[in-house]
Peer 1: 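Following this message is one structure expressed as structure tokens.
Numbers restart at 1 for each chain; the letters A, B, ... are given by sequence-line order, proteins then strands. Values reported hereafter were calculated over all heavy atoms of this structure, with side chains retained and with hydrogens, waters and symmetry mates removed.
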2 protein chains.
Amino acid sequence: MKVYKIPEATVMRLSIYSRYLMQMQEKGIETISSGEIAAGVGVGSAQVRKDLAYFGEFGTRGVGYKVSELYGHLIKILGLNKTWNVIIIGAGKLGSALALYRGFNDRGFKVCAILDNNPDIIGKKLTDITIEPLEVMKDRISQHDIKIGIITVPAQAAQEVTDKLVQSGVKAILNFSPEVLRVPAGVTLRHVDLSVNLEVLSFNLSFNN
Amino acid sequence: MKVYKIPEATVMRLSIYSRYLMQMQEKGIETISSGEIAAGVGVGSAQVRKDLAYFGEFGTRGVGYKVSELYGHLIKILGLNKTWNVIIIGAGKLGSALALYRGFNDRGFKVCAILDNNPDIIGKKLTDITIEPLEVMKDRISQHDIKIGIITVPAQAAQEVTDKLVQSGVKAILNFSPEVLRVPAGVTLRHVDLSVNLEVLSFNLSFNN
DNA sequence: GACTGTGAAGCCATTCACAGCT
DNA sequence: AGCTGTGAATGGCTTCACAGTC
């Protein structure tokens, strides 16, 4: 375990392996090989073993991996052996949809607050949380010890919101706005660019015929 | 008929460059250098030039690029010089949010149909389109010559819906469900895995301290 | 002097292939 | 015999550095 930098692609695959293992566990499967995991998630078996090798030796030669054990390791590696409180900024359609997305809860992410600056929707309830104004950002973040923020505001507001989140102590940001954001060192940023994803499809359709 | 293989990362950046150029154009800027584009979107200037070099020589040495001209080239490269009709399968919160997402319309994607199998929401109107049952899939796809499908159904329904889309003539799929999908050769697939994105953040928060 | 276009170098992730265990 | 773990080979994207052009 003498590793500095883990490839991001590896981390994403670990997340996918862990979900696959959860399914296998529910099916009652107790032992699994790298080849079976690979077939299940659409990668090569050497890739699976290499990804795991960054973090230790979890298998038994000649046998494979114990599903529950490997799953436990992956959950710990991914930091999912605790609940992460999350704040969403932007309570439009997309922000509201994410706030109610079950997939987050299932994996240990809890949306504790959703903020917006539109007076027309402030006060509206989404199941158990209420849309609040941006002013409460700092309070909610320290109150719930929030480390992760999700941005679903329009492009022109995104950098300002980002700065406020960072200033309030958030350490990781998932950006759904179509804007390239800057964060200081020490803050992790990921960009889910919806239009870019469709445009890659458009490119492939246009270019390959 | 692939000529050269274009890295996917390049295509994604081209999409981002094009959006940045649109902004610069609106600001009235007529000429721009690779270094300015690079600074604007957070990459290196050599990267910008290499990305463009896959498709031709668009600049003038010693000067830079004409914004409107380069923008036009990128739009054509990305296949955005036409309108793409899109179908969404799954009219839950996320599917509805995507159906109403302005960013798609702004870039030439038109959501023509949104389907679901839940009788409680079939018939509901989202602005100008109405939620319809899955049975109309094939009709809508041929009627609007739809090549792109977006999947926002639960995991357990995703592969079945994918197969139906492919069978109905869709050639590109954007998958928002947390499920690894299989498509035949000739169909492009992209996966936007919301949980994976949060889990990468969780990993970074856990691992780097 | 400034900036593009590009071969070469560097770097990083993936795949191969096999030694090592069970 | 079967499967993991891993050094070596491969392949591919990014960065460098500079010749070419305005």
Side-chain angles (χ1 to χ4, degrees), chain A residues 1-17 20-21 24 29-71 73-74 77 180 196 200 203 207, chain B residues 2-17 20-21 24 29-71 73-74 77 196 200 203 207:
Chain A
M1 286 221 261
K2 53 135 207 151
V3 176
Y4 253 175
K5 225 261 168 189
I6 311 295
E8 183 170 287
T10 289
V11 179
M12 296 179 73
R13 283 190 298 266
L14 291 178
S15 167
I16 292 172
Y17 302 158
Y20 183 70
L21 288 171
M24 293 306 103
I29 293 168
E30 293 184 352
T31 299
I32 198 165
S33 69
S34 61
E36 289 168 317
I37 298 173
V41 304
V43 302
S45 67
Q47 183 78 82
V48 173
R49 295 195 301 275
K50 254 280 147 58
D51 287 337
L52 298 176
Y54 280 106
F55 300 95
E57 306 190 4
F58 305 124
T60 309
R61 291 168 195 233
V63 180
Y65 305 89
K66 193 155 179 297
V67 172
S68 63
E69 209 177 86
L70 182 55
Y71 177 73
H73 282 299
L74 290 181
I77 290 166
V180 177
V196 165
V200 173
F203 172 83
F207 196 71
Chain B
K2 291 203 177 173
V3 187
Y4 289 105
K5 173 90 171 57
I6 311 294
E8 182 170 286
T10 289
V11 179
M12 295 180 73
R13 284 190 298 267
L14 290 178
S15 167
I16 292 174
Y17 302 159
Y20 182 70
L21 289 171
M24 293 305 104
I29 292 167
E30 293 184 351
T31 300
I32 200 165
S33 69
S34 61
E36 289 169 316
I37 298 173
V41 305
V43 302
S45 67
Q47 183 77 83
V48 173
R49 295 196 299 279
K50 254 285 152 46
D51 287 338
L52 298 176
Y54 281 105
F55 302 95
E57 305 190 6
F58 305 124
T60 309
R61 290 167 196 235
V63 180
Y65 305 88
K66 194 155 179 297
V67 172
S68 63
E69 208 177 86
L70 182 56
Y71 177 71
H73 282 299
L74 291 182
I77 290 166
V196 166
V200 173
F203 171 83
F207 196 70

Peer 1: Closest heavy-atom contact between A:Glu36 and A:Thr31?
Peer 2: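 Where A:Glu36 meets A:Thr31 most closely, the heavy atoms are OE1-O, 4.3 Å.
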
Peer 1: CD1 of B:Ile37 versus C1' of C:dA2: gap in Å, rounded?
Peer 2: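 Between C1' of C:dA2 and CD1 of B:Ile37: 15 Å.
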
Peer 1: What is the distance, rounded to the nearest whole Å, between atom OH of A:Tyr54 and atom P of D:dT6?
Peer 2: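 Distance check: A:Tyr54 OH to D:dT6 P gives 12 Å.
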
Peer 1: May I have the distance from B:Asp51 (atom CG) to C:dG5 (atom P), rounded to whole angstrom?
Peer 2: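 Taking atom P of C:dG5 as the reference, CG of B:Asp51 is at 12 Å.
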
Peer 1: Of all the nucleotides listed (C:dT6, C:dC16, D:dT4), which has the minimum atom distance to the side chain of A:Tyr65?
Peer 2: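 Selected nucleotide: D:dT4.
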
Peer 1: Is there a donor and acceptor pair, one atom on the side chain of A:Lys50 and one on the base of D:dT6, closer than 3.5 Å?
Peer 2: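 Answer no: no donor N or O sits under 3.5 Å from an acceptor.
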
Peer 1: May I have the distance from B:Glu36 (atom CD) to C:dC3 (atom P), rounded to whole angstrom?
Peer 2: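 B:Glu36 atom CD is separated from C:dC3 atom P by 7 Å.
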
Peer 1: Map B:Val63 and B:Val43 onto DNA chain D by nearest heavy atom, then report which one ends up closer to the 5' terminus.
Peer 2: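 Nearer the 5' end of the strand: B:Val43.
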
Peer 1: Between A:Gly62 and B:Gly35, which is nearer to the 5' end of DNA chain C once each is assigned its nearest nucleotide?
Peer 2: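 The answer here is B:Gly35.
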
Peer 1: What is the separation between atom CD on B:Glu69 and atom C1' on C:dT4, rounded to the nearest whole Å?
Peer 2: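 Rounded to the whole Å, the gap is 14 Å.
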
Peer 1: Tell me which nucleotide among D:dT15, D:dT21, C:dT15 gets nearest to the side chain of B:Arg61.
Peer 2: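 Among D:dT15, D:dT21, C:dT15, the one nearest the side chain of B:Arg61 is D:dT21.
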
Peer 1: Nearest heavy-atom pair of B:Leu14 and B:Leu52: which atoms, and what distance?
Peer 2: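 Closest approach of B:Leu14 to B:Leu52: CD2-CD2, 4.0 Å.
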
Peer 1: Using a heavy-atom cut-off of 4.0 Å across all strands, would you classify B:Gly44 as base, sugar-phosphate, or nothing?
Peer 2: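 Since no nucleic acid heavy atom lies under 4.0 Å of B:Gly44, the category is nothing.
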
Peer 1: Return the CE to CG distance between A:Met12 and A:Asp51, rounded to the nearest 0.5 Å.
Peer 2: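 Here the interatomic distance stands at 12.0 Å.
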
Peer 1: Nearest whole angstrom, please: distance from the C1' of D:dG12 to the CD1 of B:Ile6.
Peer 2: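 Distance, rounded to whole Å: 13 Å.
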
Peer 1: Measure NZ/B:Lys5 against C1'/D:dT14 and give the value in whole Å, please.
Peer 2: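 Value for this atom pair: 15 Å.
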
Peer 1: Between C:dA17, C:dA13, C:dC3, which nucleotide has the shortest distance from any of its atoms to the side chain of A:Arg49?
Peer 2: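 Per side-chain heavy atoms of A:Arg49, the pick is C:dA17.
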
Peer 1: Can you tell me how far the CD atom of A:Glu57 sits from the OH atom of A:Tyr65, to the nearest 0.5 Å?
Peer 2: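 It comes to 9.5 Å.
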
Peer 1: Phosphate oxygens OP1/OP2 of D:dT15: is one of them under 4.0 Å from a side-chain N or O of B:Gln47?
Peer 2: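 Answer is yes, contact under 4.0 Å.
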
Peer 1: Is the phosphate of D:dT4 approached by A:Ser34 (side-chain N or O, under 4.0 Å from OP1 or OP2)?
Peer 2: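 The answer is yes; a side-chain N or O of A:Ser34 sits under 4.0 Å from OP1 or OP2.
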
Peer 1: Would you indicate which nucleotide in D:dA17, D:dG5, D:dT14 comes nearest to any side-chain atom of B:Arg13?
Peer 2: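 For B:Arg13, the side-chain atoms sit closest to D:dT14.
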
Peer 1: What is the minimum heavy-atom distance between A:Phe203 and B:Ile77, and which atoms define it?
Peer 2: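 Scanning both residues completely, I find the closest heavy atoms to be CD1-O, 3.3 Å.
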
Peer 1: Round to a whole Å and report the spacing from CG of B:Leu52 to C1' of D:dC13.
Peer 2: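 Taking atom C1' of D:dC13 as the reference, CG of B:Leu52 is at 16 Å.
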
Peer 1: Please determine, for the side chain of A:Glu57, which listed nucleotide (C:dA17, D:dT14, D:dG5) has the closest atom?
Peer 2: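 The answer is D:dG5, which lies nearest to the side chain.
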
